[in-house]
Amino acid sequence: MTRDLFVLAVRNVLHRRLRSWLTVIGILIGTAAVVALISIGQGLQRSITQQVEQIMGFNTLLITPRGPGLQARVQLDLAALREVPGVKAAVAVRTETAFVQGPTRSGFLPLTGYDPAMEEFVAELHLKLAAGEGFSQRGQVVLGARAAELIGAKVGDVVTIEDRPFRVVGILAAQEEGRGDTAYGGIAVNDSLFVFYEDLKELFPGPDLAQYGFVKVAPGAEVSAVKAEVERVLAQTGTTEAEVIGFEELTQRIKTVLRGVQAFLAGIAGISILVGGIGVMNTMYTAVLERTREIGVMKAVGAKNSHILLLFLFESGLMGLVGGALGLLVGLGVAQTAAVVVGRLFQVERGFSAAVSVGLVIGALLFSFGVGAISGLLPARRAALLPPVEALRYE
Amino acid sequence: MTQPLLRLEGVTKVYRMGQVEVPALRGVDLTVDPGAFLAIMGPSGSGKSTLLHIAGLLDRPTSGRVLWAGDDVTSLGAARLAELRGRHIGFVFQTFNLIPTLSALENVELPLVFQGARPRERRQRAAELLAVVGLADRQRHRPGQLSGGERQRVAIARALVSDPQLILADEPTGNLDSAAGREILEMLRGLNERGKTLVLVTHDAEAAGVARNILRMRDGRIEGEA
Ligand SMILES: Nc1ncnc2c1ncn2[C@@H]1O[C@H](COP(=O)(O)OP(=O)(O)OP(=O)(O)O)[C@@H](O)[C@H]1O
Ligand SMILES: [Mg+2]
């Protein structure tokens with residue numbers, strides 16, 4: 001019986017072909033917009049998470065200054081941090097702007113303190129020496145690829161940093177755009193010079209303030225436990241102006257921001273679904289009016305109110321569902337295209353693709369059927385409650 | 001004495017249009033015994049259709065009682081009334097009232113759909129009835145592809161499909177030429193001869209002639225037998 005009503009509904013929708021299609025298009029556009037936005041958003045989220053993962057890894061904790069502004073810094077007691085059980089390595093990232101005189105040119109360049117413990121992180125960062133042997137003792141400098149180019153230095157040259165000579169023992173492989181800039185939490189690896197941390201401290205005497213700290217959690221140790229302990233040690237050693245962020249939290253924060261933006265955009269796009277729903281309602285009210293007599297006839301031959309209700313709900317739900325299904329396809333197509341275009345434009349590494357989740361597909365279909373059915377509810381109710389005689393007498 | 005199939009007792013119907021009250025029935029008593037063939041005649045506006053709608057459980061009286069097979073059905077719920085209509089009463093209207101998007105066969109099937117009959121059974125039953133009214137070769141035609149007489153025959157087949165105890169016909173020949181009209185009336189007479197109970201509303205004396213009894217209505221009252 002329900003099946004028969006459904007078949008009847010399908011035929012009625014097909015019968016008023018043009019009007020049904022116009023109604024469906026209303027839902028289609030709204031659904032497509034929402035699906036495209038969500039799909040792009042999810043894709044973006046995934047690719048950002050992946051990048052964070054590449055840069056930081058799951059078992060790295062980031063210590064950042066709590067204060068506002070990009071100039072904020074923290075003072076870290078690395079020795080105390082290294083004592084924390086479960087900590088494999090701890091480093092401070094401190095970068096100063098130094099006056100550098102190279103063989104061909106001189107100028108101000110970022111100078112970053114190097115700590116052998118950084119190797120723990122460098123491996124993860126895929127920082128590779130393109131030339132030279134790397135650090136072995138103080139008084140040596142390693143150059144970022146572009147820094148080397150800028151001052152015209154090669155391995156074996158001596159460069160002067162803040163009036164002190166340093167021998168070039170390595171040049172880093174050029175970092176891909178977009179990654180090299182963000183590695184080490186905002187330090188432009190390509191542009192930077194690296195000297196031993198102790199040398200940096202001597203070059204820039206005064207309080208040893210770092211932009212960031214990184215803590216590597218030993219394999220097998222509970223990240224959250226180590227994090228809590230690191231926080232405790234920081235507080236104990238007087239570093240109260242810092243906060244410790246794990247990979248989970250970082251991606252979570254990015255996701256939260258992205259979700260907010262996404263929800264806002266999807267909400268705006270959702271309004272067009274609402275408009276589509278009003279279109280369904282309009283079509284269904286018209287249909288009820290046109291078929292008033294037909295409703296009367298069906299009641300005369302034994303249709304109950306519930307049958308009429310179901311029939312009209314099926315019709316509106318069907319239009320919603322078809323609109324939703326087509327909108328889903330169009331939306332995913334748009335998202336995929338947009339992803340390719342964005343990937344090209346910004347040369348996002350490995351590109352990013354729009355995400356197609358099962359949840360999105362099922363959600364879109366259910367939602368559009370729901371919009372159709374809900375929009376059809378009032379018209380269907382009107383049809384169902386029509387007194388049979390009035391419906392039959394209707395001219 | 002046999003139990004009457006249908007009884008109306010002191011039925012009135014007042015239509016309210018804003019402030020104005022329009023009395024359509026002013027106290028009607030009517031008994032329809034099994035096997036009867038009753039014609040109701042009367043001038044336009046005398047309340048014939050109103051009476052038929054109340055008798056067919058399509059409408060409720062303003063006052064009075066409606067008894068179906070001895071049971072008071074006056075205040076039954078809409079769903080129960082729909083069920084009674086579907087199973088026990090068949091309607092034939094002046095304007096045929098077929099559903100334009102359905103084929104002749106599907107129109108005939110429709111009452112069985114709402115009773116939850118299985119597709120194969122109801123299709124077979126509908127085909128049988130189309131054959132009975134002489135339209136075996138018109139199953140797939142839409143109402144728009146049938147003549148008026150043919151449409152009315154489809155409507156009769158539909159009225160018969162659930163083997164109802166009572167057939168109510170409101171001016172079934174009103175939209176037909178005399179030849180087609182006579183055919184329909186003959187068909188109704190044949191049904192009565194095979195035991196169906198019928199009530200026929202008409203203002204055509206010749207049409208009323210096929211019935212066994214004729215009642216006259218005027219101004220919302222039954223004036224008596226002609
Ligand atoms: N829905 C309604 N609202 C108001 N008045 C109505 C309504 N339906 C019927 N009437 C009035 O009730 C009276 C009886 O109407 P009814 O249709 O029963 O007459 P009838 O005998 O069938 O006439 P006809 O032979 O022209 O079909 C008429 O005066 C009509 O105007
Ligand atoms: Mg009438």
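Below, chain A is the first sequence line, B the second, and so on; all start at residue 1. Values reported hereafter were calculated over all heavy atoms of this structure, with side chains retained and with hydrogens, waters and symmetry mates removed.
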- Top of A:K304, A:E390, A:K299 for chain B proximity - count of heavy-atom pairs under 4.5 angstrom: A:K304

- Item | Options A:L5, A:V297, A:N305, ranked by heavy-atom pairs under 4.5 Å with chain B, top entry | A:V297

- Apply the side-chain contact (heavy atoms from CB on, under 4.5 Å) test between B:L105 and each candidate in B:R122, B:Q139, B:R140; give the one that qualifies. B:Q139

- Task: Verify, without hydrogens or angle tests, whether B:R151 (side chain) and B:L146 (backbone) share a donor-acceptor contact under 3.5 angstrom.
- Result: yes

If you count heavy-atom pairs under 4.5 Å between each of [options] and chain A, which one has the most?
{"options": "B:A79, B:P119, B:A159, B:S162", "result": "B:A79"}
{"options": "B:R118, B:R87, B:R60, B:E106", "result": "B:E106"}
{"options": "B:V113, B:N97, B:L84", "result": "B:N97"}

- Message: Show, in sequence, the C-alpha distance, side-chain angles and deciding distance for A:F367 and A:F369, and conclude whether the ring-ring contact (aromatic ring centres under 6.0 Å, His included) test is met.
- Response: CA-CA 5 Å; A:F367 185 69; A:F369 180 76; over 10 Å; no

- Heavy-atom count around A:R382 CZ within 6.0 Å, excluding the residue itself: above 12? no

- Quick check: are there more than 12 heavy atoms from other residues, nucleotides or ligands sitting under 6.0 Å from CZ of A:R381? no

- Item | B:S46 side chain to B:R218 side chain, donor-acceptor N/O pair below 3.5 angstrom | no

Side chain / backbone / both / neither for [X] at chain A, heavy atoms under 4.5 Å:
{"X": "B:P164", "result": "neither"}
{"X": "B:Y15", "result": "side chain"}
{"X": "B:L102", "result": "both"}

- Can a salt bridge be assigned to the pair B:D170 and B:K48 using a cut-off of 4.0 Å between side-chain N and carboxylate O? no

- Honestly, the part of A:R393 sitting under 4.5 Å from a heavy atom of chain B is side chain

